[in-house]
*Asks:* 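Below is a structure I'd like to ask you about.
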Protein chains: 2
Amino acid sequence: MDQMTTSATKPLGTFELHAQDGEARRGTLWTDHGPVQTPVFMAVGTKATVKAMTPEELKDCGTQVVLGNTYHLHLRPGEKLIQKMGGLHKFMNWHGPILTDSGGFQVFSLSQLRTMSEEGVEFRSHLDGAKYFISPEKSMEIQMDLGSDVIMAFDECLKYPATDEEIKKSMDLTYRWLLRSKAAMTREKSLLFGIVQGGLSLEHRKYSLDQVTSVDLPGYALGGFSVGEPIELMHELVPKIAPLMPKHKPRYLMGVGTPLDLILAIDGGIDMFDCVMPTRVARNGTLYTWAGKVSIKRNEYREDSSPLDPECDCYTCRTYSKSYLRHLFLSGEILGSRLNTIHNLHFYMSLMTRAREAIAEKRWAEFKAFCVSRFMKNKDT
Amino acid sequence: MDQMTTSATKPLGTFELHAQDGEARRGTLWTDHGPVQTPVFMAVGTKATVKAMTPEELKDCGTQVVLGNTYHLHLRPGEKLIQKMGGLHKFMNWHGPILTDSGGFQVFSLSQLRTMSEEGVEFRSHLDGAKYFISPEKSMEIQMDLGSDVIMAFDECLKYPATDEEIKKSMDLTYRWLLRSKAAMTREKSLLFGIVQGGLSLEHRKYSLDQVTSVDLPGYALGGFSVGEPIELMHELVPKIAPLMPKHKPRYLMGVGTPLDLILAIDGGIDMFDCVMPTRVARNGTLYTWAGKVSIKRNEYREDSSPLDPECDCYTCRTYSKSYLRHLFLSGEILGSRLNTIHNLHFYMSLMTRAREAIAEKRWAEFKAFCVSRFMKNKDT
């Protein structure tokens with residue numbers, strides 16, 4: 001059911017829309033490293049590894065796409081080194097599609113002593129204080145050197161909250177940077193996605209969307225969410241702006257989110273997601289299950305011989321008890337981080353698989369209601 | 001070649017001696033969780049996990065036996081909890097043989113405020129200062145609750161250096177504790193091994209050996225090495241005492257050692273080993289190869305696209321470059337610890353496989369010379 005019949009390889013960048021149910025969409029995006037079934041959740045592999053996981057385990061969890069971080073890889077080990085080693089796919093032994101961000105988000109969130117100009121951003125590394133300069137051209141060069149399948153345009157990611165004037169100025173700059181990104185992105189095997197900004201106002205978002213979609217690109221993203229705003233504002237805005245995005249191009253909501261966020265965004269017409277959440281919270285002992293979030297350190301699991309999630313068929317749930325997972329977590333064991341990460345990623349990927357099936361089978365509303373009822377039990381899920 | 005034809009299951013505790021070449025021996029020890037081919041290196045799984053590894057990966061590396069630490073498991077999560085969860089094998093999902101130490105070594109090396117008496121040792125936990133008491137009877141009870149296949153007698157592990165009088169007194173106490181251990185070890189599926197102490201004097205070792213072997217047991221160990229003495233003293237003493245140990249029982253050198261230590265001890269007639277070395281140093285970026293030790297962080301590996309050890313066929317060496325391993329290590333990535341551990345354990349297990357083959361094929365001297373020449377290049381290997 002899930003793998004649509006895609007008998008032949010399609011031209012790079014093709015986005016096939018197989019089904020739509022309400023605004024929710026079921027599609028396939030064709031990249032240089034194979035097709036991606038959407039809606040898709042992409043696993044974040046910041047420093048050329050999805051933390052604690054091998055590529056084989058990622059595949060086993062149902063991972064289709066790995067996201068690499070331009071900022072981190074530029075600083076260490078450097079894209080030129082990775083290029084010499086045969087590119088990011090070969091370096092990290094992940095032979096599925098890779099999407100790289102532009103570095104913009106990290107430059108604005110992690111680096112020190114930033115100096116913005118029309119040309120780009122000068123900043124100091126959060127690792128050692130060394131000085132760097134990233135411009136749209138530089139971001140494209142880095143992502144092309146990495147050999148990324150999907151390259152993100154270099155944008156300004158504004159802080160929250162921001163004034164109308166700041167937002168307007170930032171959107172215009174992001175647009176000019178998009179034009180420069182497109183001119184600089186000359187690698188034929190890569191797809192360039194543009195990023196819609198505009199904060200939390202629908203009007204600003206529409207303005208930015210018009211600007212960004214005036215440039216013909218194989219995909220468009222919504223940036224600037226998950227930057228500290230109340231989550232309800234995102235839940236409200238995404239279903240208003242997503243349907244206005246080009247119908248026959250993939251729509252990517254960057255840096256989002258919880259299982260509930262994903263379901264609500266798919267309901268609004270979003271196709272692609274990435275987030276550190278499932279992997280990061282796993283290492284902190286927080287696990288997503290079909291019965292809500294579980295903090296594995298809790299005393300009630302001390303002698304609990306049952307699996308973490310009886311509805312899950314991941315390696316962790318098939319093999320280990322909550323009691324053992326609790327013990328590993330409390331002992332600070334690496335295996336604990338591994339087993340928790342396997343479960344959370346598997347949970348996210350299963351959620352996407354079930355979403356794809358529900359849309360294809362025209363029972364999206366029912367599946368959405370089921371997810372909302374399950375995840376709303378625990379507001380944070 | 002390596003798996004001797006063992007057509008039928010033998011009675012528990014049977015030790016078959018298949019071949020001997022010089023003092024080096026090739027055997028099979030029968031445990032409740034299957035046969036163990038010797039010489040064997042046992043992977044240390046202190047807290048119910050071999051750090052960074054799944055049981056499946058341990059198998060893939062050629063691991064036959066996992067060692068659990070009585071002291072650590074007693075403190076957290078507690079043997080009663082593990083027993084309720086179905087025993088240590090089930091708790092950690094390792095269904096091969098498990099050997100547990102007696103807790104003695106850790107009581108003497110890790111705990112605080114020890115008070116020794118004829119009865120046993122009172123101490124405070126290194127975790128939280130809580131008061132505990134371990135006696136021979138308590139150690140047996142813990143190990144039986146864990147469901148261990150090979151249980152070690154509770155002994156006093158003396159500090160180095162110690163006076164003749166201290167050594168003599170300690171050996172006599174260890175002997176009396178052995179008698180109590182044997183009386184208390186009532187689990188029929190477990191094998192009890194006695195521990196020969198006696199410091200670094202051959203005379204003391206002989207005295208202790210006579211005491212310990214006066215008790216009929218399925219195996220005997222040499223304890224009290226790797227406690228800070230110059231390594232040459234161990235290299236000298238082990239080949240003198242090992243051949244005096246019962247020929248038709250397995251001989252276990254506890255807590256040893258480097259690849260060179262293992263080869264020299266096998267040459268002296270030792271059958272079993274355990275050591276945290278391969279797993280611990282792996283996490284610190286030190287890797288054993290057939291060309292000597294490698295510190296993966298070194299700058300010379302920055303752009304080295306070759307595998308860590310071209311003579312190794314482990315997952316790490318088949319899949320990744322030194323450049324990538326260096327990057328993971330410098331970035332503090334969990335995957336680095338994993339890939340390094342896989343390699344080091346695979347290296348140790350391969351060394352044992354090749355040793356078993358060499359002994360069976362009567363070319364031990366040649367193999368030993370080969371190993372010594374390889375490992376002596378770098379004294380620490």
Side-chain angles (χ1 to χ4, degrees), chain A residues 45-58 72-73 75-78 80-86 88 90-94 127 279 282-283 301-306 315-316 318-342, chain B residues 45-58 72-73 75-78 80-86 88 90-95 127 279 282-283 301-306 315-316 318-339 341-342:
Chain A
T46 303
K47 300 176 184 174
T49 161
V50 175
K51 287 191 193 300
M53 299 283 283
T54 62
E56 291 78 10
E57 287 164 347
L58 290 172
H72 290 284
L73 295 173
L75 265 49
R76 189 165 63 189
K80 296 297 179 195
L81 183 150
I82 292 176
Q83 187 183 36
K84 270 191 200 169
M85 296 297 110
L88 185 53
K90 189 174 174 196
F91 188 58
M92 68 183 289
N93 190 39
W94 169 259
L127 295 175
T279 44
R283 298 194 303 280
Y301 305 129
R302 224 186 95 78
E303 298 186 355
D304 188 335
S305 62
S306 71
Y315 169 71
T316 303
R318 286 197 322 268
T319 316
Y320 301 96
S321 63
K322 288 206 271 296
S323 172
Y324 185 62
L325 295 178
R326 178 178 184 271
H327 164 68
L328 291 179
F329 179 74
L330 291 180
S331 300
E333 287 286 348
I334 288 174
L335 186 58
S337 292
R338 291 184 56 186
L339 297 180
N340 292 353
T341 303
I342 286 173
Chain B
T46 304
K47 300 175 185 175
T49 161
V50 175
K51 286 190 193 303
M53 300 282 284
T54 63
E56 291 78 9
E57 288 166 344
L58 289 172
H72 291 284
L73 295 173
L75 265 50
R76 190 166 65 190
K80 296 297 180 197
L81 183 150
I82 292 176
Q83 187 183 36
K84 270 190 199 170
M85 296 297 111
L88 185 54
K90 189 174 175 198
F91 188 58
M92 67 184 289
N93 190 39
W94 170 257
H95 299 288
L127 295 175
T279 44
R283 298 193 304 281
Y301 305 130
R302 225 185 92 79
E303 298 187 353
D304 188 335
S305 62
S306 71
Y315 170 71
T316 303
R318 285 197 322 267
T319 316
Y320 301 96
S321 63
K322 288 206 272 296
S323 173
Y324 186 62
L325 295 177
R326 177 177 184 273
H327 165 67
L328 291 178
F329 178 74
L330 291 181
S331 300
E333 287 287 348
I334 288 175
L335 186 58
S337 291
R338 290 183 58 186
L339 297 180
T341 303
I342 285 173

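Below, chains carry the letters A, B, ... as their sequence lines are ordered, and counting in each starts from 1.
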*Asks:* For A:Ser337 versus B:Ile334, what's the shortest heavy-atom pair and its separation?
*Replies:* CB-CD1, 3.8 Å
*Asks:* What distance separates A:Thr319 OG1 from B:Met92 CE, expressed to the nearest 0.5 Å?
*Replies:* 13.0 Å
*Asks:* Give the member of A:Ile82, A:Thr46, A:Thr49 that has the highest number of heavy-atom pairs under 4.5 Å with chain B.
*Replies:* A:Thr49
*Asks:* Looking at every non-hydrogen atom in both residues, tell me the closest pair between B:Pro55 and A:Tyr315 and how far apart they are.
*Replies:* CD-OH, 3.9 Å
*Asks:* Output all residues satisfying ring-ring contact (aromatic ring centres under 6.0 Å, His included) with B:Phe329, sequence neighbours left out; order by chain, then residue number.
*Replies:* none
*Asks:* What's the shortest heavy-atom distance between B:Met53 and A:Leu335, and which atoms?
*Replies:* O-CD2, 3.6 Å
*Asks:* Of the non-hydrogen atoms in B:Glu303 and A:Lys84, which two are nearest, and what is the gap between them?
*Replies:* OE1-NZ, 2.8 Å
*Asks:* Identify which part of B:Arg338 has an atom lying under 4.5 Å from any heavy atom of chain A, answering side chain, backbone, both or neither.
*Replies:* side chain
*Asks:* Measure B:Thr54 against the heavy atoms of chain A and call it side chain, backbone, both or neither at under 4.5 Å.
*Replies:* both
*Asks:* With chain A, which of B:Arg326, B:Lys51, B:Arg283 has the greatest number of heavy-atom pairs at distances under 4.5 Å?
*Replies:* B:Lys51
*Asks:* Which heavy atom of B:Tyr320 sits nearest to which heavy atom of A:Glu56, and what is that distance?
*Replies:* OH-OE1, 4.4 Å
*Asks:* Which bit of B:Leu328 is near chain A, if near means a heavy-atom gap under 4.5 Å: side chain, backbone, both or neither?
*Replies:* side chain
*Asks:* Roughly how far apart are A:Arg318 CZ and B:Asn93 CG, rounded to 0.5 Å?
*Replies:* 10.5 Å
*Asks:* Partners of B:Lys47 by salt bridge (Lys or Arg N to Asp or Glu O under 4.0 Å), sequence neighbours excluded?
*Replies:* none
*Asks:* Of the non-hydrogen atoms in B:Pro77 and A:Arg302, which two are nearest, and what is the gap between them?
*Replies:* O-NH1, 3.9 Å
*Asks:* Given that the side chain runs from C-beta out, which part of B:Ser323 has a heavy atom under 4.5 Å from chain A: side chain, backbone, both or neither?
*Replies:* both
*Asks:* Hey, what do you get for OH (B:Tyr324) to CG (A:Leu81), rounding to the nearest 0.5 Å?
*Replies:* 12.5 Å
*Asks:* State the OG-NZ distance between A:Ser305 and B:Lys90, to the nearest 0.5 angstrom.
*Replies:* 6.5 Å
